[in-house]
Amino acid sequence: MRVSQSFIPTHKESPTDAEVISHKLMVRAGMIRKLAAGIYSVLPLGLKVLRKVENIIREEMNRIGGLETFLPSIQPAELWQESGRWDFYGKELLRIKDRHGREFCYGPTHEEVITDLVRKEIKSYKQLPLMFYQIQTKFRDEVRPRFGIMRGREFMMKDAYSFHTDENCAKETYEKTKVAYSNVFKRCGLDFRMVEADSGTIGGSFSHEFSVLAESGEDAIGYCESCSYASNLEKTESQVPLDIGESELSAELEKVDTPNKKTITEVTDFLEVSPKNLVKTIIFQTEKELVAALVRGDHEINPVKLKNLIDCSVLESASPEVIEKTTNIPCGFIGPSGLGLKVYADLSIPLMKNFIVGGNEKDTHLRGVQPDRDFKIEKSGDIRLAKENDPCPKCSDGKIQIKRGIEVGHIFILGKKYSSALKANYLDPNGKSLPMEMGCYGIGVGRTAAAAIEQNHDEKGIIWPTPLAPFQVIILPVNYADEQTKEASDLAYQKLWDKGIETLLDDRKDRIGVKFKDADLIGVPLQLIFGPKNLKENQVEVKIRKTGESQLHPFPEILDRIEEILAPL
RNA sequence: CGGGGCAUAGCGCAGCCUGGCUAGCGCACCUGCUUUGGGAGCAGGGGGUCCCAGGUUCAAAUCCUGGUGCCCCGACCA
């Protein structure tokens, strides 16, 4: 490709609405343009990168027996009503009507469609297992799209669905997919972790996420510094702290005045005690009622764990207005004793003694509080957010460390949720009709490309891992108007394409400085710089984008060694 | 959905507070000449629904009301 005949509209400045580096650089490098909130046009250079990611995914999915399909993005409401998700999915589901007033949605995911296909076509255990996949745009009407292509509303996704006769078979495929996904992200040149994840409302038995480590990541990852344990922080298991059960406070229950002291810090400073002597009471709203959750003063609630403990389908933090109206207690002074709500407690709470809680009236706290004696716990379990340096739940001596990550892939076992709802049954060898076991597996294509930029850039621009680079080599003639330079550049361009190396020739009339800036910005791994002085000596400069290293090589002999130079990049 | 902010040329911004002259700057773009190893110089030029609607006024980018779009923080989220 010649730059003069291509369309790579680069910018010196980042758009003001871009927050993260990948968004800024993708816009500046002429890869994407925004059309509306969370909706982007992909330009030729951007598409080349997405296609690289897609092809890597395709190869790895095909290798484990995935069958590529292409499912409709517009899906009938009936199918979603049948699975129960038409009502459940909420506002994220973009609903539309056709000319006859029939309801449809723009697919945010494809469990319904694929299960419908399978239930109509697959009848026998002899036809199973099967795994279908597709690469296609999804639409999820996110409340707050941001970070460019990383969290858009319309986005490219590879989704796969597997169907099995039994759970063991599903697990086998799940394990194969783990390997395939690891290969995909390795081949993309990413530093990633496979982490345990919450399977959430999907209801499956287990789930893993593939998370690319980056400061800008929206997820927190808790991992053990000494063993292989790694999990999404919302899933990271917490142990009872070693210092639990100690208390320097008296066991006698007493009311204390805490005028206007609402926060943990205010109360502990005022009473001159450690936050470890306090128990926080946080009020949540479920689909049925208000509930109270307890954790130690220096801990935080993990809503995902709490939701699992309560076993409810909706869990939101209650607003101060609702809390005060329902309980008649001002926020900041709520405690479990005589509260009148169900109390769910972290597993450390029953082991604590003589602690301080809200007094359930204005400007009052209680001290010397003990579980059972002073309040009743509905249910206790692990509901706190893991903290850095918590003991590892899997090994004896490790401590939990926390890093941020970008979720680029997520796999889970679905069980029979969709096959039961949509009656996707097969006949077993005894002629008995049974619902299929299912698994589902997703990779965000655009997000993977963006994550690659988050991990591979410098102040000059993108530094593509070679497998994702839109071009492997860029030819930069110092002055394309110079006859000898032009001749050499054209020759190199021709020869490299003959070898199958994707090469970009910057044949513009601009000064070399402009070409350098653009080449650095769009992140082509290898730059070949042709200038009249070096050419007189039959030499060409070969520069590596990533390191900035540059060497003179004999021309045209060097053209035969380009693959060799590219290989380690 | 709650809180905050922004909207002026393709991009980045100034002007608005305190209404008034042809709405301005940098980059980008067009023409010509010069230049060619890290975003060139000179000269000339094109491009505006100042987000939309209404109001106040002799006069509105500027003040007022309403709307829309976008961004940020939070809540939410496979």
Side-chain angles (χ1 to χ4, degrees), chain A residues 9-20 23-24 27-28 30 33-39 85 88-93 107-111 138-148 151 153 155 157-159 161 197-204 207-211 218-219 232 234 284-285 303-304 307 314-322 407-412 414 440-444 447 459-461 476-482 485-486 506 508-521 527 529-535 539-541 543 548 550 552:
Chain A
T10 56
H11 285 312
K12 275 191 200 174
E13 285 171 297
S14 308
T16 30
D17 57 14
E19 189 73 359
V20 295
H23 185 193
K24 290 179 183 172
V27 173
R28 285 192 52 207
R33 289 292 184 262
K34 184 168 76 176
L35 181 65
I39 301 177
R85 288 208 289 187
F88 188 77
Y89 217 95
K91 288 185 188 165
E92 227 176 283
L93 186 65
T109 176
H110 283 72
E111 282 84 4
K138 304 272 185 264
F139 194 95
R140 295 181 190 175
D141 202 354
E142 294 268 355
V143 195
R144 187 145 97 83
R146 58 187 132 173
F147 303 152
R151 194 180 185 76
R153 291 194 292 174
F155 58 97
M157 182 174 177
K158 188 285 300 180
D159 48 326
Y161 307 91
D198 185 70
S199 48
T201 46
I202 302 273
S207 157
H208 284 83
E209 289 172 344
F210 290 78
S211 208
E218 291 191 89
D219 294 330
N232 190 309
E234 52 183 40
F284 287 87
Q285 173 94 56
V304 173
K307 194 174 174 185
V314 177
L315 184 76
E316 290 170 6
S317 53
S319 70
E321 295 76 40
V322 170
E407 180 191 350
V408 288
H410 198 163
I411 60 179
F412 24 151
L414 291 174
C440 88
Y441 321 87
I443 293 180
R447 195 182 274 190
E459 64 290 343
K460 292 176 186 165
L476 302 169
V478 166
N479 180 2
Y480 197 65
D482 175 75
T485 309
K486 179 176 188 301
D506 197 342
R508 293 177 296 178
K509 293 192 168 57
D510 294 80
R511 297 161 64 94
I512 187 65
V514 175
K515 300 181 191 178
F516 282 146
K517 292 288 182 196
D518 274 351
D520 288 344
L521 177 62
Q527 306 176 350
I529 304 159
F530 287 87
K533 282 175 226 153
N534 289 330
L535 279 173
Q539 286 191 314
V540 63
E541 181 179 340
K543 186 169 177 183
S550 142
L552 289 175

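Chain A is the first sequence line, chain B the second, and so forth, proteins listed ahead of strands; every chain is numbered from 1.
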Complementary nucleotide for [N] - Watson-Crick or wobble, under 3.5 Å:
N: B/rC25; value: B/rG12
N: B/rG69; value: B/rC6
N: B/rC1; value: B/rG74
N: B/rU31; value: B/rA43

Please determine whether any donor N or O and acceptor N or O are separated by less than 3.5 Å between the side chain of [X] and the base of [N].
X: A/Glu13; N: B/rG39; result: no
X: A/Arg144; N: B/rC71; result: no
X: A/Asn534; N: B/rG37; result: yes
X: A/Asp520; N: B/rG38; result: yes

Quick one, A/Asp159 and A/Lys138 - any side-chain contact, counting heavy atoms below 4.5 Å?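 Side chain of A/Asp159 against side chain of A/Lys138, heavy atoms only: contact under 4.5 Å found.
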
Is any side-chain heavy atom of A/Arg508 closer than 4.5 Å to a side-chain heavy atom of A/Asp518?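 Yes - at least one pair of side-chain heavy atoms lies under 4.5 Å apart.
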
When rounded to the nearest Å, what value does the distance between P atoms of B/rC51 and B/rG12 take?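 These two P atoms come out 15 Å apart once rounded.
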
In whole Å, what separates the P atom of B/rU57 from that of B/rC52?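 B/rU57 and B/rC52 have their P atoms separated by 22 Å.
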
Whole-Å distance between [N] [atom2] and [X] [atom1]?
X: A/His23; N: B/rC71; atom1: NE2; atom2: P; value: 9 Å
X: A/Phe210; N: B/rA78; atom1: CZ; atom2: C1'; value: 15 Å
X: A/Glu142; N: B/rC1; atom1: CD; atom2: C1'; value: 15 Å

Taking the side chain of A/Arg146 as its heavy atoms from C-beta onward, which of B/rG74, B/rU35, B/rG37 lies nearest to it?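 Ranking B/rG74, B/rU35, B/rG37 by closest atom to the A/Arg146 side chain puts B/rG74 first.
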
Contact nearer the 5' end of RNA chain B, comparing A/Glu209 with A/Ser550: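 With A/Glu209 and A/Ser550 compared, the 5'-side residue is A/Ser550.
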
When the nearest nucleotide of RNA chain B is assigned to A/Ala36 and to A/Gly409 on a heavy-atom basis, which residue is associated with the more 5' position?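 Here A/Ala36 is the residue nearer the 5' end.
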
Roughly how far apart are A/Glu541 CD and A/Leu476 CG, rounded to 0.5 Å?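 Atom-to-atom, A/Glu541:CD and A/Leu476:CG are 9.5 Å apart.
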
With a non-hydrogen cut-off below 4.0 angstrom, is A/Pro108 in contact with a base, only sugar-phosphate, or nothing?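 The answer is nothing, as A/Pro108 stays clear of every strand by at least 4.0 Å.
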
Would you classify A/Lys533 as touching base, sugar-phosphate or nothing, given that sugar-phosphate means primed atoms plus P, OP1 and OP2, and contacts are heavy atoms under 4.0 Å?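 The answer is nothing, as A/Lys533 stays clear of every strand by at least 4.0 Å.
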
Report yes if a side-chain nitrogen or oxygen of A/Thr16 is closer than 4.0 Å to either non-bridging phosphate oxygen (OP1 or OP2) of B/rC13; otherwise report no.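 Indeed, a polar side-chain atom of A/Thr16 lies that close.
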
B/rC77, OP1 or OP2 - any side-chain N/O from A/Lys91 closer than 4.0 Å?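 For B/rC77, neither OP1 nor OP2 has a side-chain N or O of A/Lys91 closer than 4.0 Å.
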
Under-4.0 Å salt bridge between A/Glu142 and A/Arg151: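 The answer is yes: the pair qualifies as a salt bridge.
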
Would you check if there is a donor-acceptor pair between the side chains of A/Glu209 and A/Ser211 at a distance under 3.5 Å?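 Note: A/Ser211 and A/Glu209 side chains miss the donor-acceptor criterion.
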
